[in-house]
Amino acid sequence: ELIIPKTVTLVENRALMSVTKIKTVTFEEYDKADPNYGKQLLQLGRGAVEAVLPDKYSVFGGDTTSSSTSKNSITTINLPSHIAVFGTKSIGVTKGNLTLNINPDARDIVISRYSFQYARIQNYVFPGVKQLGTSAFVGCFNGFSTTEKNNLDFIIDLGDKSTLTTLPQHSFNGVLVETFKIPASVKTLIQPFYNATLLTTVTFAEGSQLESIGNSSFGLCKKLVNID
């Protein structure tokens, strides 16, 4: 296990690239009595946890099997309450399924574009999100093989404590989730679910403040049968 001190505020480009022996990465948590609790924020930069991409990986899908040995052995990442930003492609290819554990006290998380492209994360559960980048979750399940995509259940949960007001263009384009809950704080949809072909149910959280649904927000959601 790699334990990263709580004083670290930035994990930069490819800092944990192609790690082959470490399985668990844990970021230390501040004690709530510590004066720095809630002040020192953590950012995962571009490609912080990833591996060199084998030739068969594709941005928009395809079988991920490959003879390449240049992958990442990390299977669990434990993030503290002061996680603030997931940078572009911050978590990429890993050797096996990756479990992302975020402290339930985390708030105001920023998720950048393509943050989890090629990651083998089955369940994305965030306590609270402040901002999504365009195409934030595009390719977030591309690390799974075609067989896995056809047999696993996938989850994206932005959390009941989210404060984001917009689901931007293509933020969930092509994701493999069947159900999705839109946080109450969201006021505008700008084509977020285009081509989410497995999506069957969309639920608006109690107290929804939604004001605008943009063009093709649910375009090509061929299995969508329930919006509540």
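We find the CG-CD distance between Leu132 and Gln169 to be 13.5 Å, quoted to the nearest 0.5 Å. Between the CZ atom of Phe126 and the CD1 atom of Ile109 there is a distance of 6.5 Å, given to the nearest 0.5 Å. Here the straight-line distance linking atom CZ of Arg107 with atom NZ of Lys130 works out to 13.5 Å at 0.5 Å rounding. Going from atom OG1 of Thr7 over to atom CD of Gln40 covers 8.0 Å, rounded to the nearest 0.5 Å. Here the CG atom belonging to Asp105 is positioned 6.0 Å from the OG atom belonging to Ser81, to the nearest 0.5 angstrom. Distance CD/Gln43 to CG/Leu41: 10.0 Å, rounded to 0.5 Å.
In terms of hydrophobic clustering, with Ile, Leu, Val, Met, Phe, Trp and Tyr side chains grouped at heavy-atom distances under 4.5 Å, Phe116 and Ile155 are assigned to different clusters. Val85 and Val25 fall into different hydrophobic clusters, where Ile, Leu, Val, Met, Phe, Trp and Tyr side chains are chained together by heavy-atom contacts under 4.5 Å. Taking hydrophobic clusters as Ile, Leu, Val, Met, Phe, Trp and Tyr residues chained together by side-chain heavy-atom distances below 4.5 Å, Val138 does not share a cluster with Tyr194. Under the 4.5 Å side-chain contact rule for hydrophobic residues, Leu100 and Leu16 share a cluster. Note: the hydrophobic cluster containing Ile190 does not contain Leu224 (ILVMFWY, side chain heavy atoms under 4.5 Å, direct or indirect links).
A side-chain donor-acceptor contact under 3.5 Å links Ser73 to the backbone of Val19. In this structure a side-chain-to-backbone donor-acceptor pair under 3.5 Å is missing from Asp34 to Tyr30. When atom types are taken as modelled, the side chain of Ser208 and the backbone of Ala205 share no donor-acceptor pair closer than 3.5 angstrom. Panel note: side chain Ser145, backbone Glu148; a donor-acceptor pair is recorded below 3.5 Å. In this structure, the side chain of Thr75 does not engage the main chain of Leu98 through any donor-acceptor pair within 3.5 Å. Arg46 places no side-chain N or O within 3.5 Å of a backbone atom of Lys89 that could act as its donor or acceptor partner. A donor-acceptor pair under 3.5 Å links the side-chain atoms of Tyr124 to the main chain of Cys140, judged by distance alone. Side-chain N or O atoms of Thr165 include none that pairs as donor or acceptor with a backbone N or O of Lys187 at under 3.5 Å.
A distance below 6.0 Å separates the ring centres of Phe144 and Phe154. Here Tyr114 and Phe86 keep their ring centres 6.0 angstrom or further from each other.
You'll find the side chain of Ile213 stays beyond 4.5 Å of the side chain of Thr188, heavy atoms only. For the pair Leu42 and Pro80, the minimum side-chain heavy-atom distance is below 4.5 Å. A heavy-atom distance below 4.5 Å is not found between the side chains of Leu152 and Phe141. Under the 4.5 Å side-chain criterion, counting only non-hydrogen atoms from C-beta, Pro127 is not in contact with Lys161. Inter-residue side-chain proximity for Thr166 and Leu189 is flagged as unmet; no heavy-atom pair is nearer than 4.5 Å. In this structure the side chain of Val125 never reaches within 4.5 angstrom of the side chain of Ile102, judged on heavy atoms. A heavy-atom distance below 4.5 Å is not found between the side chains of Phe204 and Asp228. Residues Val175 and Phe193 fail the side-chain proximity criterion, which asks for heavy atoms closer than 4.5 Å.
For the residue pair Glu1 / Thr26, a side-chain donor-acceptor distance below 3.5 Å is found, with atom types taken as modelled. For the 3.5 Å distance criterion, the side chains of Asn103 and Glu29 qualify, holding a donor opposite an acceptor.
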Got a list of side-chain donor-acceptor pairs under 3.5 Å for residues 176-186, not counting sequence neighbours?
from	atom 1	to	atom 2	distance (Å)
Lys181	NZ	Asp160	OD1	3.4
Ser185	OG	Ser162	O	3.3
Ser185	OG	Leu164	N	3.4
Ser185	OG	Leu164	O	2.6

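Across all their heavy atoms, Gly133 and Pro168 have their closest contact at O-CG, 3.6 Å. Between Thr88 and Ser112, the shortest heavy-atom distance links the atoms N-CB, 3.6 Å. Closest heavy-atom contact between Ile4 and Val8: CG2-CG2, 3.6 Å.
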Using side chain to side chain contact (heavy atoms under 4.5 Å, CB included), reason through Phe27 and Lys6 one step at a time and then give a plain yes or no. CA-CA 6 Å; Phe27 289 80; Lys6 58 191 175 185; over 6 Å; no
Trace of the side chain to side chain contact (heavy atoms under 4.5 Å, CB included) decision for Asn142 with Lys149: CA-CA 9 Å; Asn142 282 359; Lys149 291 175 184 178; 4.0 Å; yes
Is there a side chain to side chain contact (heavy atoms under 4.5 Å, CB included) between Lys223 and Leu198 once you walk through the steps? CA-CA 6 Å; Lys223 293 188 177 182; Leu198 297 185; 3.9 Å; yes
Candidate pair Val49 and Ile77, rule side chain to side chain contact (heavy atoms under 4.5 Å, CB included), full reasoning: CA-CA 10 Å; Val49 182; Ile77 299 177; 4.1 Å; yes
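In this structure, Asn150 places its CG atom where more than 12 heavy-atom neighbours from other residues, nucleotides or ligands lie under 6.0 Å away. For Glu12, the CD atom is loosely surrounded, since the number of other residues' heavy atoms within 6.0 Å does not exceed 12. For Glu206, the CD atom counts as loosely surrounded, since its 6.0 Å shell holds 12 or fewer non-hydrogen atoms of other residues, nucleotides or ligands.
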